[in-house]
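Structure, as structure tokens:
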Amino acid sequence: FSAATSNDAVYFPKAGLVDFIAYYPYTSSLSGTVYNVDLSDQSSQAKIDLLYSNNATEKKNNDAVTLNFSHQLSKVIFNIAADGEISSLAGLKVSITNLKTSAEFDLADKSLTDKGNATAIEMKTTINGNTAFAEGILLPAMAATRKFLFTVAINGEPVTLEWDAGSQVFAQGKKN
């Protein structure tokens, strides 16, 4: 990033070294160094995809600062296509059960601590004719009873298909 105007420039101290820590998406409501993660609304993936950079250390006056961001959460993507038994994906909903949607990410030490109760998360699903794309950003975790639920209409009746993902590891910074 760069300063919006020359009045917004960041000046280093004349002596000493500076470390830079950055995160996205921005919030003005930090509690100390704790960023509150909320994954309950998956409708805008960019608004919940936590990026973090702490690589710019020991910088002195006039040093160039390059921030290398990395994903701190896990992403799950499904590419879904209709077939002979399910001819239409209209109204498709994809959710995952037994995951927490809240956590605290400490910008100082990069620790991520989940909080609250486990619940179902409805993934963002985009349907385009007979194909669909479902995506979700999740806390890095493993849960013994976690399942993906796919709800589709077959002959006008809602049917839920289930995939047990209890042994699947959702690693930090990985796309599954």
Leu51 with Val34, same ILVMFWY side-chain cluster at under 4.5 Å: no
Test item: Thr57 side-chain N/O and Asp19 main-chain N/O as donor-acceptor pair under 3.5 Å: no
Check: Lys175 side chain, Lys75 main-chain N or O, donor-acceptor pair, under 3.5 Å: no
ILVMFWY cluster, Leu161 and Trp163 together (side-chain gap under 4.5 Å): yes
Heavy-atom check, side chain of Thr131 versus side chain of Phe133, under 4.5 Å: no
Cluster link Tyr26 to Val37, ILVMFWY, side chain under 4.5 Å: yes
Least distance between heavy atoms, Gln42 atom then Gly136 atom: OE1-CA, 3.2 Å
For Ala171 against Pro140, the heavy-atom pair lying closest together: C-CB, 4.2 Å
Nearest heavy atoms of Gln72 and Leu112, plus distance in Å: O-CD2, 4.1 Å
Polar side-chain atom of Asn55 near backbone of Asn68 as donor-acceptor pair, under 3.5 Å: yes
Hphob cluster co-occupancy, Ile48 + Ile77, side-chain heavy atoms under 4.5 angstrom: no
For the student: nearest non-hydrogen atoms of Val94 and Ala134, plus distance: CG2-CB, 3.8 Å
Minimum heavy-atom distance Thr66-Ala56, with the two atoms named: O-CB, 3.9 Å
Shortest non-hydrogen separation from Met123 to Val76 and the atoms involved: CE-O, 3.6 Å
Distance-only polar pair, side chains of Ser74 and Asn176, donor-acceptor under 3.5 Å: yes
Note, Leu17 side chain near Lys59 side chain (heavy atom, < 4.5 Å): no
Qualifying residue, where the test is side chain to side chain contact (heavy atoms under 4.5 Å, CB included) with Phe170 and the options are Ile137, Leu138, Leu73: Leu138
Working for ring-ring contact (aromatic ring centres under 6.0 Å, His included), residues Phe105 and Tyr23: CA-CA 10 Å; Phe105 181 79; Tyr23 67 94; 8.6 Å; no
